[in-house]
Undergrad: 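Have a look at this one before I ask anything.
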Amino acid sequence: VQLQASGGGLVQAGGSLRVSCAASGHTFSRLGMGWFRQAPGKEREFVAGISWSGSSTFYADSVKGRFTISRDNAKNTVFLQMNSLKPEDTAVYYCAGSRKVAATISEGYDYWGQGTQVTVSS
């Protein structure tokens with residue numbers, strides 16, 4: 001499975017952005033998916049996760065109520081809708097896929113995308 005993240009960019013604080021992650025291969029619908037982010041000088045951190053069916057989602061406390069993860073299995077794509085963005089959301093955002101269940105730790109994932117830069121200006 002190959003993952004390709006896109007949709008990053010520059011946005012003002014308080015704005016919105018949606019990043020996408022397209023997957024190749026026919027096993028996407030059986031993968032738990034997650035989004036992580038890494039800011040300069042910081043460790044990569046979990047942002048959001050979604051089960052293979054989309055029926056279960058979970059979030060880091062720092063983004064709960066502002067970000068929404070969703071997926072379209074027919075299009076092999078997972079999305080992260082980001083609202084009320086803050087400068088501290090600035091990071092490279094990575095999508096990841098798990099052959100087991102979506103998790104909050106990076107070690108729980110088997111596949112990674114290349115990342116897309118999100119920059120929030122104050």
Undergrad: Just so I know, are the side chains of Ser24 and Asn76 near enough to count as touching, which here means a heavy-atom distance under 4.5 Å?
TA: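 No. Closest side-chain heavy atoms not under 4.5 Å.
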Undergrad: Can you sort out the partners of Ser106 under side-chain contact (heavy atoms from CB on, under 4.5 Å), two or more places apart, ordered by chain and number?
TA: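 Counting only residues at least two positions away or on another chain, Ser106 forms a side-chain contact (heavy atoms from CB on, under 4.5 Å) with Phe36, Arg44, Trp112.
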Undergrad: Please assess Phe58 against Phe46 for the test ring-ring contact (aromatic ring centres under 6.0 Å, His included), listing each intermediate value before the final yes or no.
TA: CA-CA 10 Å; Phe58 47 101; Phe46 169 78; 5.5 Å; yes
Undergrad: Identify every side-chain donor-acceptor pair in residues 89-96 under 3.5 Å, counting partners at least two apart or on other chains, and give the distances.
TA:
from, atom 1, to, atom 2, distance (Å)
Asp89, OD1, Arg37, NH1, 2.9
Asp89, OD1, Arg66, NH2, 3.0
Asp89, OD2, Arg66, NH1, 2.8
Asp89, OD2, Arg66, NH2, 3.4
Asp89, OD2, Lys86, N, 2.8
Thr90, OG1, Pro87, O, 2.9
Thr90, OG1, Val120, N, 2.9
Thr90, OG1, Val120, O, 3.4
Tyr93, OH, Arg37, NH1, 2.9
Tyr93, OH, Asp89, O, 2.6

Undergrad: Mind checking side-chain hydrogen bond (donor to acceptor under 3.5 Å, both in side chains) for Glu88 and listing every partner two or more places apart, or none if nothing turns up?
TA: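 Here no residue qualifies.
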Undergrad: Which residues pass the side-chain contact (heavy atoms from CB on, under 4.5 Å) test with Val101, not counting sequence neighbours?
TA: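 For Val101, no residue satisfies side-chain contact (heavy atoms from CB on, under 4.5 Å) once neighbours in sequence are set aside.
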Undergrad: Same hydrophobic cluster for Phe79 and Val19, using side-chain heavy-atom links shorter than 4.5 Å among ILVMFWY?
TA: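 Different hydrophobic clusters.
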Undergrad: Check Leu17 against Gly7 and note the closest heavy-atom contact, atom names and distance.
TA: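 Looks like CG-O, 3.7 Å.
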Undergrad: Side chains of Leu31 and Trp52: does their closest heavy-atom pair fall under 4.5 Å?
TA: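 A side-chain contact is absent here, since even the closest heavy-atom pair is not under 4.5 Å.
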Undergrad: Sorted by first residue and then second, give each side-chain hydrogen bond (donor to acceptor under 3.5 Å, both in side chains) pair with at least one member in residues 7-23; sequence neighbours left out.
TA: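 Applying side-chain hydrogen bond (donor to acceptor under 3.5 Å, both in side chains) to every pair that reaches into residues 7-23, excluding sequence neighbours, yields Ser16-Asn83.
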Undergrad: Could you work out the complete set of other residues in the hydrophobic cluster of Ile105, with links drawn between I, L, V, M, F, W and Y side chains under 4.5 Å apart?
TA: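 Members other than Ile105 - counting any ILVMFWY side chain reachable under 4.5 Å - there are none.
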Undergrad: Which atom pair, heavy atoms only, marks the closest approach of Val1 to Ala23?
TA: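 Taking every non-hydrogen atom into account, CG1-CB, 4.3 Å.
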Undergrad: Quick one, Tyr59 with Val47, criterion side-chain contact (heavy atoms from CB on, under 4.5 Å). Give me CA distance, side-chain angles, the key distance, then yes/no.
TA: CA-CA 6 Å; Tyr59 301 89; Val47 175; 5.9 Å; no
Undergrad: Applying salt bridge (Lys or Arg N to Asp or Glu O under 4.0 Å), can you list everything that pairs with Lys42, at least two apart in sequence or on another chain?
TA: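 Lys42 satisfies salt bridge (Lys or Arg N to Asp or Glu O under 4.0 Å) with no other residue.
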Undergrad: Any idea which heavy atoms bring Leu80 and Trp35 closest together, and the distance?
TA: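 In this case the closest contact between Leu80 and Trp35 is CB-NE1, 3.6 Å.
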Undergrad: Checking Ser98 now: which residues fulfil side-chain contact (heavy atoms from CB on, under 4.5 Å) with it, not counting sequence neighbours?
TA: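 side-chain contact (heavy atoms from CB on, under 4.5 Å) list for Ser98, sorted by chain: Lys100, Tyr109, Asp110.
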Undergrad: Atom OG of Ser122 and atom CG of Leu85: how far apart are they, to the nearest 0.5 Å?
TA: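 Between atom OG of Ser122 and atom CG of Leu85 there are 13.0 Å.
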Undergrad: Just grab all the disulfide bond (SG atoms under 2.5 Å apart) pairs involving residues 24-63, residues at least two apart or on different chains.
TA: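 Qualifying pairs: none.
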Undergrad: Nearest 0.5 Å, what's the OG-CD1 distance between Ser56 and Ile50?
TA: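 Going from the OG atom of Ser56 to the CD1 atom of Ile50 covers 8.5 Å.
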Undergrad: Can you see which heavy atom on Cys21 is nearest to which on Leu3, and at what distance?
TA: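 Heavy atoms only, the tightest pair is SG-CB, 3.8 Å.
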Undergrad: Quick one: list whatever passes side-chain contact (heavy atoms from CB on, under 4.5 Å) with Gln114, sequence neighbours left out.
TA: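 In terms of side-chain contact (heavy atoms from CB on, under 4.5 Å), with neighbours along the sequence ignored, Gln114 is linked to Gln4, Ala5.
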Undergrad: Applying salt bridge (charged side-chain N to carboxylate O under 4.0 Å, His left out), which residue pairs with at least one partner in residues 67-80 are found, sequence neighbours left out?
TA: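 The answer is none; no pair qualifies.
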Undergrad: Check side-chain hydrogen bond (donor to acceptor under 3.5 Å, both in side chains) between Thr119 and all other residues, then give those that pass, not counting sequence neighbours.
TA: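 Counting only residues at least two positions away or on another chain, Thr119 forms a side-chain hydrogen bond (donor to acceptor under 3.5 Å, both in side chains) with Gln117.
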